[in-house]
Amino acid sequence: MVLLNKAKGKNRKYCKDIKKKIYFFFNDDNRDKSEELKQNISEYIDQCQIENKCQKCKYECKVGNYQFQNIFSEPSITDILRNNKLGKFVLLDQYGFSQIDDSVFTQLISFPKTDFIFFISSSFISRFREHENTKKYIDTSRIDFNNIKPMEIHRAIAQYFRDLIPEDKEYYLHHFSIQKDCNKGNYYGLIFGSNHTFGMEKFLKVCWEHDKFSGEANFNIDNNYTEDTLFYDPEKPIKKERVREIIKNQILTGIITDNITGLKFALGNGCEPKLFTEVVRELEKDGLIKRQGTLNYQSTNIHKADKYNIERLNCHEQA
């Protein structure tokens, strides 16, 4: 966030070309911390204006002191979240897993033009899955903990929330697992949601920059061969190869019949959309498909991509 960038003279480049209003809303349910936060923000803005010679800050900031469970019933906040003319980003730094339950998550995915990201202590959910305080927030009976490897627990928790999204709703959810204290097996993570492909594109790009194997962890979650092993191949990580084969199969069996559907499928499966384009190029080269329409290989900003249809050539139905 711009407000946290304390390098002298750096903020100017972010705000000099701003043409729209940008609001920051901070909240802490501890009154003392809320007041301290308000003071810190005020002092920072004053100093920023002096360093950058601004007469008035272009950002508007407000600090609240609401209990978390009351935030999404506060009209001054929900009116903004429900406004389909405003773009919103919601950062929720909960302690553990006791704030974002099924109800809060359902509300989050209902807000238009709203991306969100929240932290969750996934290992704690697994460790205390039989405790009543855990079951108040997460229906642990819907997660098969006995068949989940510890390193995959955050992946499973993300799937739990993904399953809460209605089947007829186009929504994108991805996660990033974080292992802390390597010898203790503690796994935490982030869950990101967006109702727009561009929001998910940007998040996935960052994830794959940090994890070139799976795009979802700060450790080798899929047990790929690493650089010091005999069969290391950076071009064929396990997750990409799995999704690649699914895309290929769905094209050749007529399930994916156009590029927009294919690009979104890759996105929805935690891969950058360019994976779909790679498969299309391969199938074209092998003479198995032909594209019809406005031909292109666009794999970014897919909400702006021209649609083309895919015709199968000499293909037999595949299982």
Exercise. Cut-off 3.5 Å, side chains only: do Asp115 and Tyr172 have a donor facing an acceptor?
Worked result: no
Seminar exercise, completed: Taking every heavy atom of Asp258 against every heavy atom of Phe276, the minimum-distance pair comes out as O-CZ, 4.1 Å
Exercise. Hey, does the side chain of Gln94 reach the backbone of Gln99 with a donor-acceptor pair shorter than 3.5 angstrom?
Worked result: yes
Problem set entry | Approximate separation, where rounding is to 0.5 Å, of Ser98 OG and Phe124 CZ | 11.5 Å
For this session: Run the salt-bridge test on Glu311 and Arg291 with the 4.0 Å N-O cut-off and return the result as yes or no.
Result: no
Problem set entry | Heavy-atom donor-acceptor pair, Glu201 side chain to Asn301 backbone, under 3.5 Å | yes
Exercise. Would a distance-only check, ignoring hydrogens and angles, find a side-chain to backbone donor-acceptor pair under 3.5 Å from Arg312 to Ile289?
Worked result: no
Exercise. Quick check, are the ring centers of Phe219 and Tyr187 under 6.0 angstrom apart?
Worked result: yes
Exercise. Parallel, tilted or perpendicular: which describes the rings of Phe26 and Phe24, with under 30° parallel and over 60° perpendicular?
Worked result: parallel
For this session: Go through the steps for Gln250 and Ile246 under the test side chain to side chain contact (heavy atoms under 4.5 Å, CB included), then give the verdict.
Result: CA-CA 6 Å; Gln250 292 207 2; Ile246 295 174; 3.9 Å; yes
Exercise. Just how far is it from atom CG of Asn220 to atom OG of Ser214, taken to the nearest 0.5 Å?
Worked result: 7.0 Å
Exercise. What is the minimum heavy-atom distance between Phe25 and Asn27, and which atoms define it?
Worked result: CE2-CB, 3.9 Å
For this session: Would you mind telling me which of Lys149, Arg242, Arg155, Lys212 makes a salt bridge (charged side-chain N to carboxylate O under 4.0 Å, His left out) with Asp222?
Result: Arg155
For this session: Assess the side chains of Asn70 and Ser73: does a donor N or O sit below 3.5 Å from an acceptor N or O?
Result: no
Problem set entry | Contact list for residues 28-37, test salt bridge (Lys or Arg N to Asp or Glu O under 4.0 Å), sequence neighbours left out | Glu35-Lys38
Problem set entry | Nearest heavy-atom neighbours spanning Ser299 and Leu263 | CA-CD2, 4.3 Å
Problem set entry | Exercise: do Glu43 and Gln39 side chains pair donor with acceptor under 3.5 Å | yes
Exercise. Do we see a donor-acceptor contact under 3.5 Å between the side chains of Asp306 and Thr294?
Worked result: no
Exercise. Is the closest side-chain donor-acceptor distance between Ser103 and Asp101 under 3.5 Å?
Worked result: no
For this session: Give a yes/no verdict on a cation-pi contact between Lys180 and Tyr188, requiring under 6.0 Å between NZ or CZ and the six-membered ring centre and an angle within 45° of the axis.
Result: yes
For this session: Decide if the gap between the ring center of Tyr23 and the ring center of Tyr59 is smaller than 6.0 angstrom.
Result: no
For this session: Please assess Phe192 against Met200 for the test side chain to side chain contact (heavy atoms under 4.5 Å, CB included), listing each intermediate value before the final yes or no.
Result: CA-CA 8 Å; Phe192 174 83; Met200 186 52 66; 3.5 Å; yes
Problem set entry | Residue pair His174 / Glu216, side-chain donor-acceptor N/O under 3.5 Å | no
Exercise. At what distance, to the nearest 0.5 angstrom, does NZ of Lys240 lie from CG of Asn269?
Worked result: 14.0 Å
For this session: Would you confirm whether the ring centroid of Phe118 sits within less than 6.0 angstrom of the ring centroid of Phe161?
Result: yes
Exercise. Just wondering, are more than 12 heavy atoms of other shown residues or ligands nearer than 6.0 Å to NZ in Lys88?
Worked result: yes
Exercise. Counting only heavy atoms not in Lys205, do more than 12 sit closer than 6.0 Å to its NZ atom?
Worked result: no
Problem set entry | Distance-only side-chain donor-acceptor flag, Ser122 / His154, under 3.5 Å | yes
For this session: Measure the acute angle between the ring planes of Phe116 and Phe105, then classify it against the limits of 30° and 60° as parallel, tilted or perpendicular.
Result: perpendicular
Exercise. Closest heavy-atom contact between Lys113 and Asn195?
Worked result: N-ND2, 3.4 Å
Problem set entry | Ring-face cation of Arg82 near Phe111 (centre distance under 6.0 Å, axis angle within 45°) | no
Problem set entry | Side-chain donor/acceptor of Glu60 to backbone N/O of Ile22, under 3.5 Å | no
Problem set entry | Worked check of side chain to side chain contact (heavy atoms under 4.5 Å, CB included) between Gln159 and His175 | CA-CA 9 Å; Gln159 186 60 46; His175 54 281; over 6 Å; no
Exercise. Would you say the side chains of Asn249 and Glu245 form a donor-acceptor pair under 3.5 Å?
Worked result: no
For this session: Start with the C-alpha distance between Glu282 and Lys248, add both sets of side-chain angles, then the distance that settles side chain to side chain contact (heavy atoms under 4.5 Å, CB included), and finish with yes or no.
Result: CA-CA 9 Å; Glu282 177 186 333; Lys248 183 185 297 185; 2.8 Å; yes
Exercise. Is a donor on one side and an acceptor on the other found under 3.5 Å between the side chain of Thr114 and the backbone of Pro112?
Worked result: yes
For this session: Apply salt bridge (Lys or Arg N to Asp or Glu O under 4.0 Å) to the pair Arg244 and Glu241, showing each step before the final yes or no.
Result: CA-CA 5 Å; Arg244 186 193 304 274; Glu241 287 302 291; 3.0 Å; yes
Exercise. Sub-3.5 Å donor-acceptor pair from the side chain of Trp208 to the main-chain atoms of Phe213, do we have one?
Worked result: no
Exercise. For the atom pair CG (Asp286) and CG (Leu288), what is the distance rounded to the nearest 0.5 Å?
Worked result: 5.5 Å
Exercise. Taking all non-hydrogen atoms of both residues, which atom of Leu86 and which atom of Ile80 are closest, and how far apart?
Worked result: CD1-CG2, 4.1 Å
Seminar exercise, completed: All heavy atoms of Thr140 vs all of Ile125, minimum pair found to be CG2-CG2, 4.2 Å
Exercise. Is there a donor-acceptor pair closer than 3.5 Å between any side-chain N or O of Thr106 and the backbone N or O of Asp102?
Worked result: yes
For this session: Answer yes or no: are there more than 12 heavy-atom neighbours, outside Lys169 itself, under 6.0 Å from its atom NZ?
Result: yes
For this session: Answer yes or no: is there a donor N or O on one side and an acceptor on the other, between the side chain of Gln298 and the main chain of Thr300, under 3.5 Å?
Result: yes
